Each structure stands twice: as C-alpha cells, then as structure tokens.
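Note sheet for the following structure.
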Amino acid sequence: MNEKYFPTEIEERQQQRWAEAKVFEANVDEAKPHFYCLEMLPYPSGRIHMGHVRNYSIGDALSAYKRMNGFNVLHPMGWDAFGMPAENAAIKNNSRPDTWTFENIDTMRAQLQRVGFSYDWRREIASCTPEYYRWNQWFFIQMFKKGLLYRKNATVNWCVKCNTSLANEQAEGGFCWRHEDTPVELRELEQWFIRVSKYADQLLDDLDTLEGGWPERVLTMQRNWIGRSRGAEVDFSLKGIGGLQNAFVLGQMSIEEKWQVDVRIFTTRIDTIFGASCMIVAPEHPLIDKWLEFATKAEWPEKDQATIDKLKAFVEKQRATSKEDRIAEGTEKEGVNTGLFAINPFNGVKLPIWTANFVLTGYGTGAIMAVPAHDERDFEFCKKYDLPIVRVIKNADTTDADDAPVEVPFTAKDESGTLINSGEWSGKTVPEAIAAMTAKAEAGSFGTAQTNFKIRDWGVSRQRAWGTPLPFIHCATCGIVPVPEDQLPVELPKDLNFNTQGAPLAEHTGFVNVNCPTCGNAARRDTDTMDTFVDSSWYYFRYVDPHNTELPFDPKVAAYWTPVDQYIGGIEHAVLHLIYTRLWTKIQRDLGLITFDEPVKKLLTQGMVCLATARCEEHDWLNPTEVLDGKCKFCGRTAQIGRTEKMSKSKKNTIDPDEMINTFGADTVRLFMLFAAPPEKDLEWDDSAVEGASRYLNRVWRIVHKWHQKSAECGVRSAECEFSADARALRRKTHQTIQRISNDIGQRMNFNTGVAALMELTNAIYDFDKKIDESNVGDMFVLKEALESLVKMLAPYTPHIAEELWAALGHNDFIVIASWPVFDAELAKADELEIPVQINGKMSGRVIVAAEIDDEALKQAVLGDDKIKAKIGERQIVKTIVVPKRLVNIVAK
RNA sequence: GCCGGGGUGGCGGAAUUGGUAGACGCAACGGACUUAAAAUCCGUUGGAGCUACGCUCCGUGCGGGUUCGAGUCCCGCCCUCGGCACCA
C-alpha cells in the first residue's frame with residue numbers, strides 16, 4: 001500500500017479489476033431478491049456534465065448499497081440517441097447524424113466509465129440503432145391494429161427552428177420547449193396520434209397508487225396536466241324563438257335534416273342552471289359561421305344589421321388573435337351579442353347568445369352557459385355587459401336574502417351550498433342537485449353526463465430525418481397499410497441529403513418508393529418519424545432483455561426485473577416523459593407483455609447543480625476559469641457576479657467533470673456531490689467543499705495506511721478478549737454508525753447525513769488511535785472492526801478508494817459486492833446515559849446514569865442530584881415527567 | 001388566483017415518532033510542527049451580558065395558541081422557489 005493517496009492511479013486499476021471480473025453483470029436469479037435501479041438515460045450531446053454526474057452518483061450509491069445487502073441489482077445505462085442536434089451537426093459538418101451520435105456516445109461512455117459507475121454495460125442500448133427502433137415500429141403496428149394509433153388532420157404546433165411539429169406538451173405557453181424564444185406557429189397537417197384519451201382515467205386514478213413513492217409535486221403536476229373535470233353536456237334549443245331566428249333554424253333543419261337545432265354546452269355546475277343569464281359560444285363555434293352566412297343574405301324586417309356587423313368584426317378580430325394572447329394574464333373579457341337566443345331546458349327561459357374571447361374552442365363543446373352568481377369569470381363578464389345576476393345557490397353560513405344583490409360569486413361545489421330560486425330543485429344540496437339534474441337531462445334526452453380532460457391525444461409525427469421511421473405504407477388502392485412485421489425494421493437510409501430546405505426522408509426516392517404489401521402496386525412509405533419521447537417511453541424494459549430478436553423483451557424476464565424499484569432523474573421530466581412512460585406501460589400491459597399498471601415504484605427527482613454566473617461588460621458570460629481575482633481574464637474589468645443558477649453552456653457557469661476528476665479523482669467528486677446537499681435539493685458547486693471531501697479521503701487513507709498491516713495480521717474474534725472503556729466506546733460508535741447509515745441510505749436516501757456519520761466514525765478512530773495499546777488484542781480487534789466497517793460503508797460513496805483500502809486490509813474479495821457490515825444492537829447501546837433535565841421545560845442540567853435504568857430510578861437520581869436540588873430551591877414539585885432513557889422534566893411552583 | 005415545496009449560524013446543511021437546536025463539513029480566527037511554505041495536528045467559533053476558566057438571558061421568517069415541553073402540532077400572516085392558471 002502506497003503511503004500517499006493517488007486517486008487517478010487507483011481508480012484506473014480498480015475499474016480494470018471490476019471489468020475483468022465482471023462484478024457488475026447481473027443475471028436473472030430467482031433465488032435472490034432483485035432490485036432495479038434506474039437513472040434517466042442521457043442524450044448524447046457530446047460530453048457528460050455535472051448534472052449527469054450527480055444523477056448517476058446517487059443511483060450508483062443506492063445500487064452499491066443494495067448489492068452489498070444481498071440484492072441482485074439491475075443497473076443499466078444507455079443513450080437517448082435520436083434527436084435534432086445530430087441533424088444540425090450533420091448539416092453543419094456536411095456529415096451524417098449517426099457518425100456524430102456514435103462519436104459522442106463513445107466519448108461519454110468513456111467519461112462515465114472513468115467515474116466508475118457500476119453499470120452492466122452488456123445491456124447498453126442506443127435508441128438510434130435499428131435493433132432498438134424496430135421495436136418502436138413493432139409497438140406502433142400493434143397499436144394501429146388495436147385502434148390506439150390513428151391519423152387525423154390536425155392543427156399542429158409548428159416550430160420554425162426545429163422545422164417540425166410539436167406535441168401539445170412540447171409547446172406549452174406558445175413557445176417551443178427546445179427554443180424558449182421561438183413562438184410556435186399553427187399549421188394544418190395530417191398526423192399520427194396515440195389515443196391517450198382511452199387511458200386518461202387510468203393515468204389519473206393510478207397516480208393515487210404512487211402516493212408515498214413519488215414526490216407530491218410530480219403527482220400534482222401530472223394531475224393538473226391530465227386535468228379531468230366531471231360535468232354534463234346540456235342542449236339549449238334554438239327553436240321556438242320566432243322571427244328571423246326561426247327562418248335561420250328552419251334553414252338549418254333542411255341542411256342538417258335535424259328536427260331541432262341545439263347549442264350544446266359543457267358545465268361542471270348543472271345545479272346552477274337556473275342562474276344562467278346568457279349563453280356564450282367561442283368565436284370559432286360553427287353556429288357563428290352559419291348564422292353570419294344566413295344573416296348576411298337574409299332579407300327580413302327585424303334583421304338588425306348593426307348587430308351582424310359588430311359580430312362579424314368581433315369574430316374576425318378574435319380569430320386573428322392567438323389563443324395565448326386571447327387568454328393572456330390581464331386580458332379583459334370582451335364579447336358581443338349575436339342576436340340569437342336559446343331556451344334553457346330546465347326552466348324554459350329565453351337566453352341571449354353571446355360570443356366572447358375567453359370561451360375557447362377545443363375544450364368541452366366550445367360553448368358555455370354563463371352563471372354570474374356562481375362563477376367568477378361569468379360574474380366579471382355579466383357585470384361588464386349588464387346581464388342579470390341571479391343567485392341560485394345559498395351559502396350555508398350566509399345571512400344574505402335570497403334576492404340580495406351578489407357582491408362576490410359563491411363558487412364552492414360541496415355540501416356547503418343549497419339550491420334556491422330553482423323550482424322543484426330548490427332545497428337540495430349542490431352534490432345532490434348535480435346528480436339529480438344530470439339524470440333529469442339524460443331522461444329528457446337534452447343532456448348527458450360528460451367528463452372532459454385537458455390532456456390530448458399524443459401527436460407523434462415529426463417531420464425529421466433522425467428518428468424512427470413510421471412503419472406504414474400509403475397505397476392508392478388499399479389506404480394505409482402497416483409494414484408486415486417480418487419486414488421490420490424499416491431502416492433509415494444512411495445516405496440522406498441534409499442539404500435541403502425540405503424533408504430529407506421524403507426526398508429519398510429509394511426510401512419512399514415501395515410496393516404495397518397487400519396489392520403489390522406502387523405505393524409510398526410514410527416519411528414522418530416518431531417523436532423521440534417514444535424511444536424513452538419503454539427503454540428500461542429493453543434493458544432487461546436487450547438482445548431479444550423476437551420481441552421487445554421476454555415477458556418472463558421482465559416479470560423478474562420490473563417494475564423499476566427506484567427511478568432517479570430531473571424534475572424537468574415531471575409531465576412529459578413520466579406521463580408518456582406511464583401510458584406506454586399501460587399499453588404494454590394491454591398487449592400482454594407485462595402484468596402491472598405502473599412502471600416505477602419510487603421516483604427521486606434530484607436537484608440541479610448550480611453555480612454563480614459571472615459576466616464581463618465586454619466579453620459577456622465568463623466561465624469560472626476565466627475569472628481571476630474577480631476580474632475578467634481577457635480585459636481585467638471587474639466581473640459582475642450574478643445569481644446562482646443551474647450550470648448551463650449558455651451562461652458558461654459550468655465545471656467540467658473531467659477536469660475535476662483529473663485534479664481530485666472521481667471518488668472525491670462523487671463524495672462531494674452526495675455530501676453537499678440532500679439529493680432532491682439544488683446543490684451549489686463549491687471548490688472549498690470539494691477540497692474538504694478530498695481532505696477527508698486523505699484522512700481515511702492515512703489512518704488505514706497506519707494500521708493496515710497490523711489489522712490484516714490480527715486474527716482475534718470478539719469473544720476472545722476483554723475490552724477497555726475506550727475500546728468499548730469505539731465499538732459502540734462503529735455499530736451506531738452502521739445502524740445510522742443503513743437507515744440513511746436504505747430507508748431515507750439521505751446520502752449527506754450518511755457521509756456525516758462516516759466522518760464522525762473516522763474522527764472516533766483518530767481519537768482511539770491516540771490511546772490505543774498495540775499489545776492489547778482487544779484494542780486491535782476493535783480497531784480492525786472499525787476500520788473494516790468504515791471502508792465497507794464508504795464503498796457506495798467512493799468505491800475505488802474503498803476497494804483499494806479493503807485489499808490493503810488483507811482481503812482478496814471485491815468490496816463492491818462484499819456483504820454490508822452487520823449492526824449489533826447490544827454493542828450499539830451505551831453503558832451509561834447522559835440525561836438532560838428540565839425544570840418547567842427549561843434546560844437545567846444533566847445527570848449521568850446507568851444505561852439500563854428504569855423510570856423510577858431515573859427520577860430518583862434526578863431529584864437526588866445536588867445541582868438540580870439547588871435549582872429547584874424552595875419551590876414545590878408539582879409533577880415529574882420521565883421520558884424513558886431520554887429526558888426528565890420537573891414541574892415546580 | 002389555485003396547488004405543492006421551503007424559510008434554522010458567515011455559508012452548505014443536521015435534528016428519524018413533540019424531548020439537550022446548530023451534528024458533519026466549509027469559511028474564519030488562535031496555537032503546535034517546520035529555516036520557511038504546503039500538508040498535517042490541536043483549540044475556538046449562534047447572539048448578548050456578567051461579579052468570565054463558569055453562569056444568566058435571548059435565539060429556528062412574523063403574531064397567536066395547544067403542551068410539563070414546540071424548529072417539529074394547530075390558527076392567522078409575511079417572504080421565497082416551482083407548477084398550473086379565464087379549462088366552463
């Protein structure tokens with residue numbers, strides 16, 4: 001053993017030993033409990049960053065801990081390898097996306113291996129290989145057959161920078177998720193969709209089963225995103241109004257061959273229908289177009305040209321405004337009266353039909369009834385346009401009269417409200433009325449219970465070339481024909497021309513032209529590719545059986561390993577990836593591949609790695625290496641230190657993992673990452689604290705170096721010797737530490753407090769080192785036990801140094817798969833206890849008592865203590881509270 | 001506005017079921033070793049006060065409450081981070 005700690009040297013050596021002995025390769029073994037530890041796979045952008053290192057250090061520590069505790073641990077890694085940067089690089093370098101991607105993968109794999117993560121590299125996958133993406137295609141064909149995949153013409157979100165369409169989730173707030181400053185455009189395209197709507201209820205309801213295993217905020221975000229609202233649709237008739245409208249409706253009748261023309265609204269508050277003061281339809285509602293068309297041509301005495309003109313102008317203006325602008329914060333509600341009326345089916349009241357900016361097409365039916373007394377938006381609108389406000393729900397604790405003017409709408413939807421002014425329904429509670437009135441609407445065929453979701457079907461078509469080709473053929477005779485499964489994969493051509501304004505795949509005639517599998521006539525392949533979120537929706541199932549050529553994975557093998565026991569990754573995937581992958585799991589279940597509903601038992605969302613930003617007036621953002629003594633190294637101006645933010649290339653506040661490993665070694669970097677903050681919190685990079693981690697490892701190295709020879713030679717077992725008080729104290733500390741760490745890592749996943757415990761144990765060993773009697777076998781045994789336990793418990797954090805020290809302590813086996821130290825409760829118990837004593841709840845002293853003291857004896861010991869007696873003085877003891885073996889509180893007056 | 005997380009020393013953070021607040025580390029200061037430096041080791045380090053080698057008081061965002069006892073529980077606020085936001 002070298003006297004000094006040279007991290008890079010031992011790290012290389014140990015990594016080689018592990019690889020040669022294949023210690024991290026995991027295979028199905030029914031006799032052993034299994035644990036699937038998964039970290040989110042990276043996009044191969046070029047180099048590993050600190051965020052990856054943190055994510056994977058957490059997963060690796062947990063994996064190691066589980067392995068040492070007898071679990072068969074599956075810990076794989078792969079590459080989310082399709083995506084746009086590869087195409088951009090191909091265009092820029094006039095090369096190919098696969099070349100760029102595989103070079104990056106090689107670089108990043110080498111970087112990860114240098115950190116020494118315990119992956120079973122035999123299971124590595126890259127989603128851009130035909131061996132992988134053929135199964136994307138296979139899934140699509142199965143979904144197509146089951147009606148879960150369909151094509152429709154849709155207005156899609158289009159990003160001009162990506163030159164492709166985006167899913168709704170990727171275009172939140174009207175901007176591209178990859179280009180935060182690029183507003184999405186709307187384009188009309190025929191697209192493939194996955195029928196998420198069929199699973200919307202399950203996606204929402206099954207979140208309850210994840211309670212406790214997933215962070216609450218992720219569950220909340222998903223619930224918001226899915227956005228279920230239960231309500232009813234109700235038809236308001238346009239018939240029987242008379243005059244011009246009657247002619248309009250009759251005109252509709254001949255066109256639609258319908259006996260009645262209705263405006264169908266969606267409401268969650270059918271109970272408030274007696275309070276409706278008008279109907280409001282979205283400016284895009286088909287009724288508006290029909291009405292304008294009719295009214296423009298109509299020649300009737302009561303035709304109101306001013307209303308028609310106003311309506312036309314308003315509708316045109318609204319349609320020219322994007323949805324985002326229309327509902328942007330602070331936008332005032334605006335509307336116009338259409339001049340039409342509809343009949344409230346519950347009370348026969350004639351209501352004017354308006355159109356307004358805040359009623360949106362695409363949700364519900366695009367039409368509402370406005371109930372100002374019990375909805376804030378409707379209140380604001382009706383107040384502005386002077387529409388009647390009728391109270392129909394009475395708040396349980398209001399003193400207002402039933403016909404008192406409404407100052408603030410009452411919107412609660414629970415038993416706290418009772419119906420008033422609602423005919424036969426008056427007196428019912430809100431929930432009762434909702435149920436009864438929905439039933440009434442259904443019975444009368446003018447309405448139905450209806451559940452709406454905010455979540456939409458998943459648009460999966462992308463007009464990109466570096467993605468999975470959609471395995472479908474468009475035939476003039478047979479329509480859309482799936483590629484026969486024995487012809488999969490449909491491979492991406494290697495010779496695509498990226499130097500084009502159009503779509504490289506569509507311009508590749510060798511790819512496009514194909515014969516129809518059904519009729520044999522000339523046909524065209526689909527030239528879109530799949531959203532890359534498809535790849536990551538099921539990748540971790542492929543890890544369990546990565547080389548299967550018959551199926552995506554063998555269901556029997558998956559039954560052993562999955563679901564994932566622990567998933568670790570960034571919060572940024574809370575809705576996108578983590579909803580898609582839950583959806584995919586349910587689809588796989590319905591395809592018979594697996595039998596469970598949810599793919600991930602426990603989810604940890606780790607915090608970001610942050611660093612203060614620095615900026616120079618002339619040279620813009622500065623990397624920490626470009627700031628010397630607070631000044632820009634290029635021009636000497638004072639660098640402006642900005643706020644601490646997530647490390648990012650654009651703000652240059654990054655630290656390169658390779659450089660840190662060169663300086664300190666991988667173990668130090670890992671130790672720092674796990675010690676500086678609990679995993680779910682943001683972590684600020686701190687050079688001094690990194691040095692502290694390095695200093696600690698050196699400290700461990702020195703004490704092991706001092707004793708490793710003698711420890712290896714010590715063959716004593718505990719029963720054979722007497723222990724001094726100091727030795728017993730160290731043993732106690734050793735066993736207490738084992739207990740603490742097992743809880744910190746195994747139960748709480750608080751790696752930071754685990755490190756603190758190890759540091760305390762190390763400090764205790766140094767203390768003992770000062771007092772040790774080398775000739776005393778008891779002392780030597782206790783030291784050996786402490787050192788070996790310490791080194792073992794370091795293994796999840798810093799595996800290389802642990803492995804090296806383990807060997808130095810005389811062991812030939814691998815510490816990374818050795819058994820976790822066993823905690824002995826007897827040995828962890830203290831000989832004597834220091835019991836804090838309070839008088840009236842205030843700290844007033846301590847007494848030292850035997851560990852096995854009972855409550856009465858403890859009480860007597862406290863009351864007999866001179867110092868305590870003096871403090872109580874003349875006061876009368878009212879009562880004494882004894883918390884067994886922890887505390888005594890004396891209440892004195 | 002709604003939902004969720006958080007607010008503890010100079011800093012990162014600890015306190016697991018209501019029971020010694022500030023573990024562990026960073027920074028800082030003092031000392032030892034050294035020709036010197038680095039490294040290492042030892043000590044001090046929440047605030048205020050005192051008749052200072054010990055003791056008293058205050059102290060976990062603010063104001064109340066429950067309790068023998070509250071960083072922890074309850075009520076009402078403030079601030080902050082994140083998500084959602086005319087979704088009928």
Side-chain angles (χ1 to χ4, degrees), chain A residues 4 172-173 215-225 227-229 231-232 265-269 272 280 282 323 326-333 356-360 362-371 374-378 380-381 411 452-454 571-572 574-575 605 671-672 675-678 680-693 695-696 698-699 702 740 743-744 747-748 750 752-763 766 770 834-846 878-892:
Chain A
K4 286 190 76 181
E172 258 185 273
E216 199 53 48
R217 62 180 178 145
V218 174
L219 298 177
T220 306
M221 283 163 77
Q222 294 215 353
R223 287 187 181 114
N224 283 342
W225 187 259
R228 177 166 65 193
S229 80
I265 59 109
F266 174 71
T267 178
T268 57
R269 294 300 303 274
T272 63
I280 310 176
K323 181 190 158 191
R326 259 161 65 182
I327 61 175
E329 196 176 339
T331 310
E332 206 180 317
K333 291 183 179 31
N357 58 348
F358 71 97
V359 176
L360 307 170
Y363 185 79
T365 59
I368 63 160
M369 59 173 184
V371 183
H374 306 290
D375 182 285
E376 276 162 26
R377 294 154 300 174
D378 298 347
E380 193 186 326
F381 186 80
T411 58
N452 275 326
F453 292 92
K454 268 166 51 178
I571 186 71
E572 63 272 21
V575 283
T605 49
L671 184 68
F672 163 73
F675 179 52
E680 64 280 359
K681 277 190 79 167
D682 287 352
L683 175 148
E684 189 179 349
W685 187 268
D686 178 347
D687 287 328
S688 302
V690 176
E691 283 169 30
R695 206 177 306 155
Y696 171 69
N698 274 289
R699 195 165 145 83
R702 280 195 308 275
R740 257 179 79 182
N743 188 38
D744 286 347
Q747 310 302 315
R748 304 198 307 158
N750 272 10
N752 54 329
T753 51
V755 177
L758 290 179
M759 288 173 167
E760 283 186 41
L761 177 59
T762 308
N763 292 343
Y766 269 87
K770 287 181 215 154
E834 191 189 53
I835 304 287
V837 180
Q838 299 179 338
I839 297 172
N840 294 334
K842 279 193 170 178
M843 274 303 301
S844 302
R846 298 174 176 85
V878 181
K879 95 177 158 181
T880 308
I881 289 124
V882 179
V883 183
K885 296 178 190 177
R886 292 202 71 164
L887 174 138
V888 176
N889 188 13
I890 299 159
V891 186

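Order of the sequence lines fixes the chain letters, A, B, ..., with proteins taken first and strands second; residue numbering starts at 1 for each chain. Because the structure is a prediction, the values reported are computed rather than measured.
Using atom C1' as the reference point in both rU20(B) and rG4(B), the two lie 34 Å apart (nearest Å). rA37(B) and rU45(B) are spaced 26 Å apart, taking the P atom of each and rounding to whole Å. As rounded to the nearest Å, rA85(B) and rC3(B) have C1' atoms that lie 10 Å from one another. The separation of rG5(B) from rG10(B), taken at their P atoms, amounts to 28 Å, rounded to a whole angstrom.
Within 4.0 Å of Val359(A), counting heavy atoms only, lies at least one base atom of the nucleic acid. Residue Tyr696(A) is out of contact with every strand shown, counting any heavy-atom pair closer than 4.0 Å. Residue Gly692(A) is classed as a sugar-phosphate contact, given heavy-atom separations below 4.0 Å to backbone atoms only. Lys4(A) comes within 4.0 angstrom of nothing in the nucleic acid, heavy atoms only. Within the 4.0 angstrom heavy-atom criterion, only backbone atoms of the sugar-phosphate kind lie near Asn763(A); the bases stay farther away. Glu834(A) comes within 4.0 angstrom of a base, heavy atoms only. In this structure, Val883(A) reaches the bases: a heavy-atom distance under 4.0 Å links it to at least one base atom across the strands shown. Backbone-only engagement by Arg217(A) is indicated by non-hydrogen atom pairs under 4.0 Å involving sugar-phosphate atoms exclusively. Gln838(A) comes within contact range of at least one nucleobase, with a heavy-atom separation under 4.0 Å. Contacts of Pro678(A) with the nucleic acid, taken as non-hydrogen atoms under 4.0 Å apart, involve only primed sugar atoms and P, OP1 or OP2. Residue Lys681(A) is classed as a sugar-phosphate contact, given heavy-atom separations below 4.0 Å to backbone atoms only. Heavy atoms of Arg695(A) sit under 4.0 angstrom from primed sugar atoms or phosphate atoms, though from no base atom.
In this structure, Glu216(A) places its CD atom 17 Å from C1' of rC81(B), rounding to the nearest Å. Distance, Arg223(A) CZ to rG83(B) C1': 14 Å, rounded to whole Å. In this structure, CD of Glu691(A) is placed 10 Å from P of rU40(B), rounded to the nearest angstrom.
Base-pair partner of rG9(B): not found among the strands shown (Watson-Crick or G-U wobble, both distances under 3.5 Å). In this structure, rG1(B) and rC84(B) make a Watson-Crick or G-U wobble pair, each of the two defining distances being under 3.5 angstrom.
The base of rC68(B) lies close enough to the side chain of Asn889(A) for a donor and an acceptor atom to sit less than 3.5 Å apart. You won't find any donor-acceptor pair under 3.5 Å spanning the side chain of Glu680(A) and the base of rG5(B), going by distance alone.
Side-chain proximity of Asn752(A) to the nucleotides rA15(B), rA14(B), rA88(B) is greatest for rA14(B). For Phe675(A), the listed nucleotide lying nearest its side chain is rG12(B); candidates were rG12(B), rA14(B), rC68(B). Comparing rG83(B), rC87(B), rC86(B) by their nearest atom to the side chain of Asn357(A) picks out rC86(B). Among rG12(B), rC86(B), rU16(B), the nucleotide with an atom closest to any side-chain atom of Lys333(A) is rC86(B). For Ala756(A), the listed nucleotide lying nearest its side chain is rA23(B); candidates were rG82(B), rA23(B), rA88(B). In this structure, the nucleotide among rA88(B), rC58(B), rC41(B) sitting nearest to the side chain of Arg702(A) is rC41(B). Here the nucleotide nearest the side chain of Ile881(A), chosen from rG19(B), rC26(B), rG4(B), is rG19(B). When distances are taken from the side chain of Arg886(A) to each of rC57(B), rC68(B), rG19(B), the shortest belongs to rG19(B). The Leu360(A) side chain lies nearest to rC87(B) when the options are rC57(B), rC87(B), rU20(B).
The glycosidic torsion of rG9(B) lies within 90° of 0, which places this base in the syn conformation. Nucleotide rC26(B) is shown with an anti base, its glycosidic torsion being more than 90° from 0. rA52(B): glycosidic angle within 90° of 0, hence syn.
When the side-chain nitrogen and oxygen atoms of Lys770(A) are compared with OP1 and OP2 of rC42(B), one or more of them lie within a distance under 4.0 Å. Residue Asn224(A) places none of its side-chain N or O atoms closer than 4.0 Å to OP1 or OP2 of rC2(B). Residue Lys454(A) places none of its side-chain N or O atoms closer than 4.0 Å to OP1 or OP2 of rA88(B). At rA88(B), one or more side-chain N or O atoms of Ser229(A) fall inside 4.0 Å of OP1 or OP2 (strictly under the cut-off). When the side-chain nitrogen and oxygen atoms of Arg846(A) are compared with OP1 and OP2 of rG19(B), none of them lie within a distance under 4.0 Å.
Annotation: the span from Asp378(A) atom CG to Arg269(A) atom CZ amounts to 11.0 Å, rounded to 0.5 Å. Between Ile280(A) atom CD1 and Ile265(A) atom CD1 the span is 11.0 Å, to the nearest 0.5 Å.
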